[in-house]
Structures are given as C-alpha cells and as structure tokens.
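Here the structure is laid out as structure tokens; the discussion comes afterwards.
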There are 2 protein chains.
Amino acid sequence: MPKYQKQTRFLVAVDCIIFGFDGTELKLLLVQRGLEPEKGKWSLIGSFIREEEDFEKGANRILNDMTGLEGVYLEQLHAFGKPDRDPIERTISVAYFALIDIHQYERQLNDDFHAEWFPIKSAPRLIFDHEQMVEMAKKRLRYKAAFHPILFELLPEKFTVPQLQNLYEGIFDTVFDKRNFSRKIQSTKLLIKQKDKDKENSKKGAYYYKLDKRRYAANFHAFLNFIPNPDNIK
Amino acid sequence: MPKYQKQTRFLVAVDCIIFGFDGTELKLLLVQRGLEPEKGKWSLIGSFIREEEDFEKGANRILNDMTGLEGVYLEQLHAFGKPDRDPIERTISVAYFALIDIHQYERQLNDDFHAEWFPIKSAPRLIFDHEQMVEMAKKRLRYKAAFHPILFELLPEKFTVPQLQNLYEGIFDTVFDKRNFSRKIQSTKLLIKQKDKDKENSKKGAYYYKLDKRRYAANFHAFLNFIPNPDNIK
DNA sequence: ATATTAAATGTACTTTTTACACTTATTTTT
DNA sequence: AAAAATAAGTGTAAAAAGTACATTTAATAT
C-alpha cells in the first residue's frame, strides 16, 4: 500500500467528559489513571484510538467499558492538539461529552477502573489539559441546554418538574420563578404526566412525568430559550 | 524520551472550509489538489500538521499561505476520523471554518495554488469526505449566525443594510421583511452610520455602515435570534 | 418633465416574557 | 384530633418582542 512520505504520525486518543446528575447537583465521572505518566492521578476517561475504530466508536467503547451503558448521549466537543499536552509524546485528543442518568450507572458500575463521581464544583485536579476540557464541556452543555431539551438525558425515566427545575438551576447557576418555569416546560409538550407522585422530597408529593420520546426526537432542534441572562452564556 | 509502546500513530491534517461573500451569494474557496491520490481534483485547503504546530497554528498557516490574510475569523468545526476517509493511509482531519472578506482576499490572491471561489450552490465534487465537511460547516454557520453577529466577518469594512440583509437571506435561504430586518439590526447597536452612500446598487444609494468593533467584541455572545423558522436550522 | 428604481421609514396587532402571591395536599408535631 | 410545617401547584396583568403590512424619498435614466 502506498503511503504519504516524510510526514510525522501522532498518537490519537479519545477522552470523555461524562456528566451525571444526582437530583441535587451536576457531577463528573473521573478515574484514577492506570499508566504512567501521572499514574494514580485523577483523569477523564480516555483511551488511544485503535486502528480500525473511528472516534464515535472509540468513545462508545470507553463508555461501555467504564459504565456498562449503551446508547448514551454522546457528542464531539473539540479536538485538543497542543504539542506538549502529554509530556511523554505528542498525543492528539478528541474529546467527547456524555450525559448519563447517574442512577442507571450506579447499577452497572465497573469497579475495575476506580471510577468515581465528583460534584463538578469540587472535582480534584486533573492531569494534562483535562481541566480545560471540562471547562469547555460545561460551557457547551450550558449553551446547548439553553436551546435544546438536552438535559433530559441526565434524568431518570420518571422525574418531577421540581427536579427538572433544580437541574436547570444548577446548570445555569441561577434561580427561576417556578410558575414561569413550569409554564415554559409545559409549553414544549415534551412531558407526559404520570398518575403517581414522588413522595421523597416533599410532604405533598410532586407528580412524576415521562419524556414524550417521539416528540423529543422530532423537536430536539427546536429552540427553548431557557437562558436566564444571555450575557452569562459563552 | 520515553514513549507509549504498542500504539499506532496516525497522520493528522487540518482542512479549512473558507467562506466568502461577494455581495450576492455565499462562496467557498477550493483548490486543485497538488498530490496523489486524487491529484487535480477539487479539494478543501488543507495540510498535514507539523511536529511543533497545534491545530490553530496549522490552520492559520494554511490560510496565510493561500490568501495572504492574517487575523481571519477561524473556528474549529469538527474532527473527522473515519479509518478509510483517505484511501492511501488513515488520516485524522481536524476541520476549521473560516470567514473572510472576499474583497480583501482578491487583492492578495496567491496563484501558486490554483485556488478558486465557487458559489456554494454550484461547487464541484470534492475529494474524500470534504463535501460532508462543507455540509457541516454550512449548518454550523447558520446555527451560529442565528445567535451571534458572526456574519459581519464576511463583509467589507463598509457595507450597507441591504447588503447585510442579502447576506442573511442567502445564509438562511429565505427572505425577510426589510423594515423588520432593519429594526432588528439597528437594535443591536452594532452599526455606525456613515456619511457616504453606496451608489453602485441603486439610484438612490444606500448609506454605508461600519461595525462598532468595541461593541462587537463585547456583545459577540449576546443573542440575536435571527431565525426565520427555527425548524429549518440544524 | 416623467418614469424608474431601490432605500428608508411607522403603526397596529399578536405573541411571548416577566413579575408576582395564594391555595392545596400531606406529614409532623403537639 | 387539631395545628403547624413543608413544598407543590396554579393565574393574571403588564411589558417587551415579534410580525404583518404600504407609502414616501432620493437619485438616475428616459
């Protein structure tokens, strides 16, 4: 097979920024790195890309190895390529961000990897440029959530409106008026009211809702405009 | 220097989707490829990444070689990594999209590269996955233009409101009411009215405007919501 | 002088967004 | 059994934004 001559070849990796939501705050799934350099330090979940594997496939492989989950929301974030980002050898990293229902994960935990959830506001130092990746992923998540009903990916199948509001408030680091929030959410027609209530979080109990998946798929690109103050969003 | 063992290394390239606007329609800058395979066919402008160069730098180098321009609007689009996207040897491509003022370019044309502007609607077939890249770049441009005043990057320093409207109409492939369009544009306070008029395109002449660069820099992330019909966007 | 061309401009109506407070269902306490 | 506590659920009026729509104006060409 002919080859391009005289060009340098580089290592290429995929790293995943995995977000979860426990009902109260946004969390990040991290692992203790298993190889040198920086062995034992906290890191995003990643892997070198294999010969016959594209990025999506690589990201899904990593995600599946780590959490056992399939069909997770996954989106390419950015390619990071500073020559010295890995001190051992130049490595290109294509970063993906993933949104998962933390409860599903907990059931399928794979403990071989020493993975752990950290609240996004008190995550440990990360290796290489991983903190920069997380920063960018947070911005992207906010940006996207302002227009698309993406945050449902972080919630369990059944959830309440107050939980959803909590999530939005966490992401945008603000508070919404609950009457206006509820009206806006209902106007999307994405929610299907259930008969039962969540009694864990209040005496009165809050009705559960499910996502209308048909509408969700059809309207994903419709705009919600859930921005508290546009100036705060990247 | 220690190295990661047993990992395959890959070629990494940067490709640029370069948009220009000639006052009437959106155009794409393409080159005739100078090396095998597919030599002589039309292609995006690209290059393998060099050892000590990051992606931004590579993209700027390419852009500068080709157009002589510096300080061009440049944004990472996506990393493309299908194993067989280049039939000779697996090559990762990090694609950037650039917005340039076509008039500035024409002055600095570098003819060594056989570059040519094509109307986006009648561009030739492109090599590899470059058409897919262009598609994605068009979507991204629309998406971004719906919220950010990004299209000014395509215009010369002095431009008229009808020209600007033309550009928006081209990008979104629709028509706007000119009273409403003008009001919306003026409401951004990004335009500074000039004393002189453009007499080329009408008998009456249309006032020139300049971009208020301070405000532009400060308000870039504010939202314009220039969407004709949200459903049509990505 | 008249016709032609594209630019510039205003207003009324509809929709969306915002601000704001009380009632309800249920559990806990006395 | 009554009272207190808690968070859920709901409506309305005012402001802002968006939409639809037609005439006048400046300059050139005939």
Side-chain angles (χ1 to χ4, degrees), chain A residues 23-24 146-147 149 155 158-170 172 174-210 219 222-233, chain B residues 23-24 146-147 149 155 158-170 172 174-210 219 222-233:
Chain A
T24 308
F147 300 116
L155 291 172
K158 279 165 50 175
F159 53 87
T160 68
V161 173
Q163 274 166 21
L164 186 62
Q165 181 167 351
N166 238 321
L167 174 53
Y168 272 93
E169 291 183 342
F172 291 115
T174 186
V175 288
F176 298 111
D177 178 272
K178 65 180 170 175
R179 287 161 293 192
N180 294 341
F181 181 85
S182 170
R183 187 185 309 115
K184 194 158 224 173
I185 282 288
Q186 303 290 351
S187 79
T188 65
K189 300 191 177 164
L190 291 175
L191 300 197
I192 304 171
K193 194 173 192 171
Q194 304 302 113
K195 294 251 157 58
D196 51 337
K197 285 180 164 184
D198 162 41
K199 294 290 191 64
E200 304 239 319
N201 299 296
S202 77
K203 290 165 184 167
K204 182 175 176 180
Y207 280 106
Y208 279 119
Y209 287 82
K210 282 188 182 175
N219 296 353
F223 292 79
L224 282 165
N225 209 30
F226 260 116
I227 319 165
N229 174 359
D231 298 336
N232 297 334
I233 314 279
Chain B
T24 306
F147 300 116
L155 291 171
K158 279 164 50 172
F159 54 86
T160 67
V161 172
Q163 273 166 21
L164 186 62
Q165 181 167 351
N166 238 320
L167 174 54
Y168 272 93
E169 291 182 343
F172 291 115
T174 187
V175 287
F176 298 112
D177 178 272
K178 64 180 170 175
R179 289 161 292 190
N180 295 342
F181 181 86
S182 171
R183 186 185 311 117
K184 194 157 222 172
I185 282 289
Q186 303 290 351
S187 80
T188 65
K189 299 191 177 165
L190 290 176
L191 300 196
I192 304 170
K193 194 173 192 171
Q194 304 302 112
K195 294 250 157 57
D196 51 337
K197 285 180 164 186
D198 163 41
K199 294 290 191 64
E200 304 239 319
N201 298 297
S202 78
K203 290 165 184 169
K204 181 175 177 181
Y207 281 106
Y208 279 119
Y209 287 82
K210 282 187 183 176
N219 296 352
F223 292 78
L224 283 165
N225 209 28
F226 259 116
I227 318 163
N229 174 358
D231 299 334
N232 297 335
I233 314 277

Item to complete: May I have the distance from A:Lys184 (atom NZ) to C:dT15 (atom C1'), rounded to whole angstrom?
Response: 13 Å
Identify all pairs in which a protein N or O lies below 3.5 Å from an N or O of nucleotides 9-11 of chain C, and state each distance.
| from | atom 1 | to | atom 2 | distance (Å) |
| --- | --- | --- | --- | --- |
| C:dG10 | O6 | B:Arg183 | NH2 | 3.2 |
| C:dT11 | O4 | B:Arg183 | NH2 | 2.8 |

Worksheet item: Can you list the residues that meet the side-chain hydrogen bond (donor to acceptor under 3.5 Å, both in side chains) rule with B:Gln163, with sequence neighbours excluded?
Response: none
Discussion item. Measure NZ/B:Lys197 against C1'/D:dT28 and give the value in whole Å, please.
Written reply: 12 Å
Item to complete: Using side-chain hydrogen bond (donor to acceptor under 3.5 Å, both in side chains) as the criterion, list what pairs up with B:Lys210, not counting sequence neighbours.
Response: none
Worksheet item: Backbone N or O of A:Phe176 within a donor-acceptor pair of the A:Glu169 side chain at under 3.5 Å?
Response: yes
Worksheet item: Rounding to a whole Å, what distance do you find between A:Asn166:CG and D:dA7:P?
Response: 12 Å
Worksheet item: Can you check the B:Phe176 CZ to D:dA20 P distance for me, whole Å?
Response: 12 Å
Worksheet item: Are any non-hydrogen side-chain atoms of B:Lys189 and B:Asn219 less than 4.5 angstrom apart?
Response: no
Fill in: By side-chain contact (heavy atoms from CB on, under 4.5 Å) - contacts of A:Lys195 (at least two apart)
none
Worksheet item: Can you name the residues that form a side-chain hydrogen bond (donor to acceptor under 3.5 Å, both in side chains) with B:Gln194, not counting sequence neighbours?
Response: none
Fill in: Atom pair distance, as rounded to whole Å: CG in A:Asp198 and C1' in C:dT27
14 Å
Which donor-acceptor pairs under 3.5 Å do side chains of residues 197-206 of chain B form with protein atoms, sequence neighbours excluded?
| from | atom 1 | to | atom 2 | distance (Å) |
| --- | --- | --- | --- | --- |
| B:Lys197 | NZ | B:Lys204 | O | 3.4 |
| B:Asp198 | OD1 | B:Glu200 | N | 3.0 |
| B:Asp198 | OD2 | B:Asn201 | ND2 | 2.8 |
| B:Ser202 | OG | B:Gly205 | N | 2.8 |

Worksheet item: Does anything in residues 200-207 of chain B reach DNA chain C, meaning a heavy atom under 4.0 Å, and if so which residues?
Response: B:Asn201, B:Ser202, B:Lys203, B:Lys204, B:Gly205, B:Ala206, B:Tyr207
Worksheet entry | A:Tyr208 OH to D:dA8 P, straight-line distance once rounded to whole Å | 12 Å
Practice prompt. Under the side-chain contact (heavy atoms from CB on, under 4.5 Å) rule, collect the residues that match up with A:Lys193, sequence neighbours excluded.
Written response: A:Tyr207, A:Tyr209
Worksheet item: Considering residues at least two apart in sequence or located in another chain, which fulfil the salt bridge (Lys or Arg N to Asp or Glu O under 4.0 Å) criterion with A:Arg179?
Response: A:Asp177
Worksheet item: Between atom CG in A:Leu164 and atom P in D:dA8, what is the gap in whole Å?
Response: 13 Å
Practice prompt. Whole angstrom is fine here: how far is it from CG in A:Leu191 over to C1' in D:dG9?
Written response: 15 Å
